Protein chains: 2
Amino acid sequence: MLFLVGLGLGTEKDITLRGLEAIQSSSLILLESYTSLIGCIDWSESSYSTSLADSRSMKSLDTQSGFVKALERLSAQYGGKSIRIASRWEIESSNENAGFLHVAKKENVALLVVGDPLFATTHTDLLVRCKRASIAYQVIHNASIMNAVGSTGISMYAFGPSISVPFFTENWRPYSFYEKLEKNLVNKEQHTLLLLDIKVKEPTEEELACGRVENPKSWIPPSFMSIRVAIEQLFEAESVIKRGVVSSSTLAVGIARAGHSSQLIASGTLTQLRDYGDAWGAPLHALVIPATSQLHELEWDMIRSFSI
Amino acid sequence: MLFLVGLGLGTEKDITLRGLEAIQSSSLILLESYTSLIGCIDWSESSYSTSLADSRSMKSLDTQSGFVKALERLSAQYGGKSIRIASRWEIESSNENAGFLHVAKKENVALLVVGDPLFATTHTDLLVRCKRASIAYQVIHNASIMNAVGSTGISMYAFGPSISVPFFTENWRPYSFYEKLEKNLVNKEQHTLLLLDIKVKEPTEEELACGRVENPKSWIPPSFMSIRVAIEQLFEAESVIKRGVVSSSTLAVGIARAGHSSQLIASGTLTQLRDYGDAWGAPLHALVIPATSQLHELEWDMIRSFSI
């Protein structure tokens with residue numbers, strides 16, 4: 001049996017009792033490394049950057065003491081069970097004849113995923129492979145960022161598709177997120193959740209160029225896009241495309257560390273939220289741009305209560 | 001402190017460790033009655049109906065043995081703490097001078113809500129009242145039906161607003177859900193989650209007419225709209241409005257008991273899903289109508305794997 005276990009929004013206590021039982025019944029426990037442990041890390045013990053440009057000299061997140069301690073805390077919470085970090089490659093390549101899917105044919109295997117395991121379709125492919133090979137699976141859902149957005153007071157009912165904002169690099173500045181926002185906000189009058197890019201244990205471009213996907217030797221340092229950087233990128237896209245999707249006075253709501261006890265929600269214009277800068281604190285950050293025409297009085301009350 | 005604690009999708013083991021700690025630290029524990037305990041109930045011990053027309057002779061859900069046992073199981077899971085059922089009215093009327101919000105000024109109070117506490121804006125109003133009266137609160141998120149929909153393989157990214165399908169009565173057959181579906185599916189090419197009506201411990205129309213909102217003497221029997229009834233209502237709306245939003249061959253995915261170990265997902269045409277009838281089993285049911293133009297190959301693979 002393969003258990004796909006959602007860990008919720010990040011602290012080790014956000015697991016459900018059902019998730020805990022699945023872990024305790026498993027002989028192999030893997031933690032998906034892509035977004036792993038962000039919420040459990042004590043950021044005062046770990047270094048990270050909020051834009052790719054600042055990130056050149058850092059070491060990989062999973063070798064930092066904050067990360068290692070978070071993993072130990074997670075393991076202790078789960079009854080001392082040993083947890084192995086799985087690479088994205090390992091998850092994408094496992095099949096019924098090799099890797100953890102092969103193990104799942106005979107024993108219980110738990111794959112831990114931060115948030116909800118099926119928020120995106122990243123892990124759907126895994127379930128399709130299980131079905132084809134007649135491997136039983138169970139999905140143990142948990143809260144994702146979409147649930148935490150409810151804390152802004154904005155109803156989930158009027159959201160359009162979520163949009164990922166990728167880190168700009170010197171030579172790669174894709175503006176498709178701006179066009180998607182236009183579609184949601186202007187054409188469809190729907191609220192938008194902007195998910196800000198993160199880079200955790202991804203091979204450097206050099207490694208990819210050498211074809212070392214499975215076992216790379218160098219990694220991009222841990223980088224988590226801040227609300228400030230996201231808004232700067234939005235403004236840059238606006239200044240180039242000039243279709244008036246956002247302006248300095250566009251209303252937005254920022255969320256730092258969604259679902260944690262240190263969660264910070266603040267609302268204001270995009271300029272105000274950008275200038276809030278370091279006050280947002282440690283990762284993860286997300287941004288909501290509401291379609292103001294769709295907000296009801298109660299939603300306005302709540303948004304105003306978070307004014308900077 | 002007021003804790004708004006999400007219980008997840010229904011069994012007593014879907015609570016998070018953080019939610020459990022909040023409950024154990026509270027001197028008053030309330031369970032929101034509107035959607036409460038649906039998932040924990042052993043339906044072989046409780047009677048319910050799947051359409052309002054069938055429901056006339058049943059007793060209120062919270063007096064049935066299946067419900068009482070589920071409440072006992074919940075209480076045992078939480079360390080034997082006593083749990084009081086709160087009416088919708090009680091939750092909506094509590095303020096800083098009376099009711100549980102008044103208690104929350106000095107002691108910890110946990111309000112338990114099935115799913116995620118802020119999936120809809122039902123409880124946002126409560127947070128606005130807390131902020132105005134400077135009562136501290138914490139939201140403990142959990143999985144909602146929106147998370148469980150991920151198990152169909154359809155990405156959350158291309159969903160439009162969710163739509164509630166209300167029970168038709170003899171004299172009240174509102175078709176607005178059909179128009180909302182048209183907006184999502186036809187105009188915006190977005191997937192739609194249809195949330196099917198439930199009636200649990202709501203006063204009868206006679207009670208409402210007499211103004212007995214606070215302490216009514218008779219209740220509407222427990223009724224949970226089935227996928228069959230929802231599709232019949234969709235077909236009726238189509239036959240009256242005739243704008244071709246749905247037809248007998250429209251692709252849909254049904255979900256019964258989302259997130260539970262007895263979860264059932266099946267895909268097919270609306271006619272096939274309607275004719276699946278009693279095979280869907282006990283509540284809750286939900287229905288997804290995907291915008292087929294937006295589905296990728298992987299999503300098709302997964303949907304096909306659930307074919308009736």
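Every value quoted in this text rests on a predicted model; they were computed, and no experiment measured them. Residue numbers begin at 1 in each chain, while the letters A, B, ... track the order of the sequences.
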Check your understanding: If you check every heavy atom in residues 256-265 of chain A against those of chain B, which residues fall under 4.5 Å?
Key ->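 Result: A:G259, A:H260, A:S261.
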Exercise for review: Name, in order of residue number, those residues of residues 300-308 of chain A that have a heavy atom at a distance of less than 4.5 Å from a heavy atom in chain B; otherwise write 'none'.
Suggested key: A:D301, A:M302, A:S305, A:F306
Quick one: pull up [atom1] in [X] and [atom2] in [Y] and give me the separation to the nearest 0.5 Å.
X      : Y      : atom1 : atom2 : answer
A:I140 : B:K13  : CD1   : NZ    : 11.0 Å
B:I15  : A:T16  : CD1   : OG1   : 10.0 Å
A:N142 : B:D116 : CG    : CG    : 10.0 Å
B:L20  : A:L17  : CG    : CG    : 5.5 Å

Review point. Looking at A:P161, A:S162, A:G150, which has the largest count of heavy-atom pairs under 4.5 Å with chain B?
Key: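 Sorted descending by pairs with chain B, the first entry is A:P161.
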Review point. Between A:M146, A:H296, A:E21, A:Q138, which has the largest tally of heavy atom pairs under 4.5 Å with chain B?
Key: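 Answer, by heavy-atom pair count under 4.5 Å with chain B: A:E21.
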Practice item. Evaluate side-chain hydrogen bond (donor to acceptor under 3.5 Å, both in side chains) for A:H141 paired with B:S151, printing each intermediate quantity in order. Key: CA-CA 9 Å; A:H141 292 285; B:S151 287; 3.1 Å; yes
Review point. Are more than 12 heavy atoms from other residues, nucleotides or ligands located less than 6.0 Å from atom NZ of B:K183?
Key: no
Check your understanding: Near B:K131 NZ, under 6.0 Å, is it more than 12 heavy atoms from other residues, nucleotides or ligands?
Key ->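 Yes, enclosed.
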Check your understanding: chain A heavy atoms under 4.5 Å from B:L4: which part of the residue, side chain, backbone, both or neither?
Key ->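 Contact with chain A: none, neither part.
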Quick one: what part of [X] sits under 4.5 Å from any heavy atom of chain B, side chain, backbone, both or neither?
X      : result
A:L195 : side chain
A:K188 : both
A:L193 : neither

I'd like to verify something: which residue of [options] has the highest number of heavy-atom pairs under 4.5 Å with chain A?
options                : result
B:G6, B:G115, B:A143   : B:A143
B:A148, B:G19, B:S144  : B:A148
B:L298, B:T152, B:V139 : B:L298

Exercise for review: Apply side-chain hydrogen bond (donor to acceptor under 3.5 Å, both in side chains) to A:N147 and B:N147, showing your working.
Suggested key: CA-CA 9 Å; A:N147 301 98; B:N147 302 97; 3.1 Å; yes
